[in-house]
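Step one of this worksheet: look at the structure below.
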Amino acid sequence: WLLAMGGHFVPDDQVLEAKQSDTEGMIDHHRKATFKVYNDVSAMNLADATPKWQVVEPNAPWTARDDFAATVTKDGAVLLFGGGTLYGGGGYLHDVWRLPEAAKAYGLAAGPSAAPKAWKGGEL
């Protein structure tokens with residue numbers, strides 16, 4: 001299984017006109033931009049013949065965020081930490097969330113067919 005937690009949305013028609021070297025222009029763009037962060041959890045079973053994303057938690061208990069980090073512990077828990085709420089950085093969150101037995105909590109079946117494939121040169 002592959003989990004995606006939170007993240008952000010920026011409309012497709014939003015165009016960045018400032019050059020990356022234009023710090024003030026970038027800041028101005030980010031301040032005016034439409035930006036929404038989420039606190040959902042989506043999952044994809046990589047062992048399926050045609051893997052598809054499915055929302056397994058539309059409104060998780062943590063604050064919506066972007067640019068965070070996560071890891072899986074030896075006991076199967078997922079740790080989610082940090083991130084922010086503003087486009088381009090900022091609104092930083094200084095918290096850690098633990099999802100014990102995340103696969104079980106979200107009803108993600110385990111078994112021989114769900115064993116992860118090895119990473120080989122950019123292909124799964």
Side-chain angles (χ1 to χ4, degrees):
W1 287 93
L2 182 63
L3 291 180
M5 300 180 288
H8 73 269
F9 168 79
V10 177
D12 290 338
D13 62 350
Q14 188 169 313
V15 178
L16 175 62
E17 294 178 6
K19 293 184 178 181
Q20 207 164 6
S21 60
D22 177 9
T23 306
E24 290 303 314
M26 294 287 283
I27 290 170
D28 187 53
H29 168 79
H30 290 311
R31 284 187 181 140
K32 294 177 181 175
T34 301
F35 184 73
K36 180 175 177 167
V37 290
Y38 295 90
N39 65 331
D40 59 349
V41 179
S42 296
M44 180 190 310
N45 185 345
L46 298 175
D48 282 351
T50 54
K52 292 183 181 153
W53 286 105
Q54 59 183 326
V55 176
V56 294
E57 175 63 68
N59 191 21
W62 55 79
T63 303
R65 64 192 66 216
D66 187 37
D67 296 334
F68 59 89
T71 189
V72 178
T73 64
K74 189 164 75 171
D75 67 356
V78 172
L79 296 177
L80 170 80
F81 46 99
T85 59
L86 299 176
Y87 188 26
Y92 296 114
L93 301 164
H94 304 281
D95 59 354
V96 177
W97 287 82
R98 184 175 188 274
L99 294 82
E101 300 181 343
K104 184 176 178 183
Y106 294 126
L108 309 176
S113 65
K117 298 176 184 176
W119 180 263
K120 294 181 182 177
E123 296 180 24
L124 286 177

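- With rounding to the nearest 0.5 angstrom, the OG1 atom of T50 is 10.5 Å from the CE atom of M44.
- Taking all atoms of both residues into account, the shortest heavy-atom contact from A43 to V56 is CB-CG1, 4.1 Å.
- Rounding to the nearest 0.5 Å places CZ of F68 at 13.5 Å from CH2 of W97.
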- Item | Stepwise side chain to side chain contact (heavy atoms under 4.5 Å, CB included) check, D95 with R65 | CA-CA 11 Å; D95 59 354; R65 64 192 66 216; 2.8 Å; yes

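- Residues meeting the side chain to side chain contact (heavy atoms under 4.5 Å, CB included) test with V55, sequence neighbours left out: S42, P58.
- Note that CD of E17 is 11.0 Å distant from CG of D28, once rounded to the nearest 0.5 Å.
- Between the side chain of N45 and the main chain of A47, a donor-acceptor pair closer than 3.5 Å is present.
- The hydrophobic cluster around L93 extends to none of the other residues, as no ILVMFWY side-chain heavy atom falls under 4.5 Å of it.
- Here the shortest heavy-atom pairing between T63 and N39 reads C-CB, 4.2 Å.
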Using atom types as modelled, flag every donor-acceptor pair under 3.5 Å from a side chain in residues 69-84 to any protein atom, sequence neighbours excluded.
{"unit_1": "T73", "atom_1": "OG1", "unit_2": "D75", "atom_2": "OD1", "d": "2.3"}
{"unit_1": "T73", "atom_1": "OG1", "unit_2": "A77", "atom_2": "N", "d": "3.2"}
{"unit_1": "T73", "atom_1": "OG1", "unit_2": "A77", "atom_2": "O", "d": "3.3"}
{"unit_1": "D75", "atom_1": "OD1", "unit_2": "A77", "atom_2": "N", "d": "3.2"}
{"unit_1": "D75", "atom_1": "OD2", "unit_2": "R98", "atom_2": "NH2", "d": "2.8"}

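- Considering only heavy atoms from C-beta on, Y92 stays 4.5 Å or farther from D67 through its side chain.
- Put simply, the side chain of M5 reaches to within 4.5 Å of the side chain of V41, judged on heavy atoms.
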